[in-house]
Amino acid sequence: MAEKYDDNDPHDDENAMLTAYEELRTTLKTPENPLTEANLLKSGNFDIDDYTNITHSSSGTSSIADIDNILRLSENSHEVLFDHHEWEICDPSSNRKRPPRQSEFLQLLLENSRYSSYVSWVDKSQGLFRILRPERVADLWRKVKCRQTQGKMSYETFARGVRYYYGTGLMIKTNKKYTFCFKQSTQ
DNA sequence: AACCCGGAAGTCCG
DNA sequence: CCGGACTTCCGGGT
C-alpha cells in the first residue's frame, strides 16, 4: 500500500540519515574524536538507544563494520512516515484546524500505534508514560509544532516545554528518566 | 555522565 | 501591541 505524500518530500528523512551516517563514519575514523554519546547525538538522527546498541555490539571498541550494522538497523526502524494529517487538532473554541500544543502532541503520539516504538504508557490509568526514543520524539515535535524556530529541536528543549506543564497543572513530576505523567482530571 | 528542575529572557504567532 | 505557549540558555541537584 504505497501512499503518496505530496506535501512532504519522502526523501528528506533518507537524505538526513545518509548525511548523518557519513558524518558519523568520518568522525569515528579519527582516534582523537572517539565514539561518544555526545558525538552520536550531535549528528541529530540517533538517540540513546542507538548509542547503547553500538557500544554493546562492539564490546568497547567500535569498528566501521559495527557502525554499518547498527546504522542499518537504525535505518530500518526509522520507517514511520510522517503524515501531518495525523497531527491536526480541531480547536474546541474557534472550531478551526490547527497544529497541536505540546501536550496534545504527546496525547496523539501515545494514542497512535504507529509510534509505539517512540513512546509508551507505563500506566495509562494514571497518565504515566515513558519516552522511548527521545531524539526522535523531539524531531517529530519539530515537524508538528506550530511555532517554527531556528535551532535544532533536541530532547533537552522538548523536555523544558513539558516541564512548564507542572506549573499549569497539566502534568505532575515523576523525577524519572524520560518519564512524565498527565495529571488526571478525576477529582 | 546524563538526566531532572525551574528561573529568566527571548521568540513566534494568533 | 499584547499575551500564551513555547524556545533558548543555564546553574544547580540527583
Side-chain angles (χ1 to χ4, degrees), chain A residues 7 16 20 23-24 27-28 30-62 67 70 74 82 84-111 115 117-123 126-185:
Chain A
D7 47 359
E23 260 175 34
L24 186 59
T27 299
L28 295 169
T30 64
E32 68 276 10
N33 216 346
L35 174 64
T36 63
E37 186 175 342
N39 277 341
L40 191 67
L41 299 185
K42 204 161 58 181
S43 68
N45 283 285
F46 311 99
D47 54 33
I48 183 73
D49 297 338
D50 297 322
Y51 174 72
T52 305
N53 285 339
I54 289 173
T55 50
H56 281 13
S57 74
S58 57
S59 44
T61 60
S62 49
I67 304 303
I70 297 306
S74 180
F82 179 67
H84 74 43
H85 296 303
E86 293 182 329
W87 306 104
E88 283 175 350
I89 292 283
C90 190
D91 194 286
S93 54
S94 69
N95 224 31
R96 294 281 190 100
K97 282 183 181 176
R98 62 162 173 77
R101 308 260 190 265
Q102 200 173 3
S103 62
E104 294 166 332
F105 163 74
L106 245 14
Q107 206 77 67
L108 290 173
L109 191 62
L110 281 157
E111 300 311 326
Y115 289 99
S117 66
Y118 282 41
V119 67
S120 78
W121 290 111
V122 173
D123 185 334
Q126 291 188 84
L128 189 66
F129 65 96
R130 183 169 145 86
I131 293 174
L132 309 173
R133 296 295 228 173
E135 294 307 323
R136 287 185 191 173
V137 169
D139 195 54
L140 185 57
W141 169 238
R142 181 188 57 76
K143 293 182 189 170
V144 165
K145 70 195 169 98
C146 160
R147 187 173 170 239
Q148 296 306 309
T149 50
Q150 298 311 119
K152 174 189 183 306
M153 174 54 61
S154 66
Y155 174 70
E156 271 295 299
T157 305
F158 178 83
R160 181 67 187 97
V162 177
R163 287 199 294 276
Y164 262 109
Y165 290 133
Y166 299 152
T168 68
L170 247 165
M171 300 229 193
I172 56 179
K173 281 184 265 187
T174 72
N175 290 303
K176 287 177 191 161
K177 194 173 178 180
Y178 305 135
T179 306
F180 300 93
C181 189
F182 285 104
K183 183 172 183 179
Q184 303 304 82
S185 50

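These figures come from a predicted structure and were not determined experimentally. Order of the sequence lines sets the chain letters (A, B, ...), proteins ahead of strands, with each chain counted from 1.
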Problem - For atom NZ of A:Lys177 and atom C1' of B:dC4, their distance in whole Å - result: 11 Å

Practice task
Take A:Gly151 and A:Thr168, find for each the nucleotide of DNA chain C with the closest heavy atom, and name the residue whose nucleotide sits nearer the 5' end.
Solution key: A:Thr168

Handout entry: Distance test, side-chain N/O of A:Lys145 to OP1/OP2 of C:dA5, below 4.0 Å
Key = no

Practice task
List the atom of A:Pro99, the atom of A:Cys146, and the distance in Å for their closest heavy-atom pair.
Solution key: CG-CB, 3.6 Å

Exercise for the section: Taking all non-hydrogen atoms of both residues into account, name the closest pair between A:Thr179 and A:Leu128 and its distance. Expected result: CG2-CD1, 3.8 Å

Handout entry: Nearest listed nucleotide, side chain of A:Gln102, among B:dG6, C:dC6, B:dA2
Key = C:dC6

Practice task
Send over the distance from A:Tyr164 OH to B:dC4 P, rounded to a whole Å.
Solution key: 17 Å

Practice task
On the 0 to 90° scale, with breaks at 30° and 60°, tag the A:Trp141-A:Phe105 ring pair as parallel, tilted or perpendicular.
Solution key: tilted

Problem - Residue from A:Tyr155, A:Phe158, A:Phe129 passing ring pair (Phe, Tyr, Trp, His ring centres under 6.0 Å) with A:Tyr178 - result: A:Tyr155

Exercise for the section: Check whether any side-chain nitrogen or oxygen of A:Trp141 sits under 4.0 Å from OP1 or OP2 of C:dT7, and answer yes or no. Expected result: yes

Practice task
Could you state the atom-to-atom distance from NZ of A:Lys176 to P of B:dC5 in whole Å?
Solution key: 12 Å

Problem - Min side-chain heavy-atom separation A:Glu104-A:Trp87 under 4.5 Å - result: no

Practice task
Report the distance from atom CZ of A:Arg130 to atom P of B:dC3, rounded to the nearest whole Å.
Solution key: 11 Å

Completion exercise
To the nearest angstrom, the CD-C1' distance between A:Glu156 and C:dG11 comes to 13 Å

Problem - Side-chain N or O of A:Asn175 closer than 4.0 Å to phosphate OP1/OP2 of C:dT14 - result: no

Handout entry: Side chain proximity check, A:Val119 to A:Leu106, heavy atoms < 4.5 angstrom
Key = no

Exercise for the section: Give a yes/no answer on whether the side chain of A:Tyr155 brings an N or O atom under 4.0 Å of OP1 or OP2 in B:dC3. Expected result: no

Problem - Between B:dC4 (C1') and A:Ile172 (CD1): distance, integer Å - result: 16 Å

Practice task
In whole angstrom, give the distance that lies between atom OH of A:Tyr165 and atom P of C:dG4.
Solution key: 14 Å

Problem - Nearest-neighbour nucleotide for the A:Tyr166 side chain, C:dC9, B:dC5, B:dA9 considered - result: B:dC5

Exercise for the section: Answer with yes or no whether A:Arg163 presents, from its side chain, a donor or acceptor under 3.5 Å of a partner atom in the base of B:dG7. Expected result: no

Fill in the blank from the handout: Of the listed C:dC6, B:dA2, B:dG7, the closest approach to the A:Arg160 side chain comes from B:dG7

Handout entry: Among C:dC6, C:dT8, B:dC3, the one nearest A:Arg101 by side-chain distance
Key = C:dC6

Handout entry: Separation of atom CG in A:Leu170 from atom P in C:dA5, rounded to whole Å
Key = 9 Å

Practice task
Measure the spacing between CD of A:Gln126 and CD1 of A:Ile172 and express it to the nearest 0.5 Å.
Solution key: 8.0 Å

Pairs: protein N or O with nucleotides 12-14 of chain B N or O, under 3.5 Å:
residue, atom, partner, partner atom, Å
B:dC12, O4', A:Arg147, NE, 3.0
B:dC13, OP1, A:Gln148, N, 3.4

Problem - Pairing nucleotide - C:dC1, Watson-Crick or G-U, each distance under 3.5 Å - result: none

Handout entry: Residue-phosphate contact under 4.0 Å: A:Lys173 side-chain N/O, B:dG6 OP1/OP2
Key = yes

Exercise for the section: Please work out which of the three classes, parallel, tilted or perpendicular, describes the rings of A:Phe182 and A:Trp121, given edges at 30° and 60°. Expected result: tilted

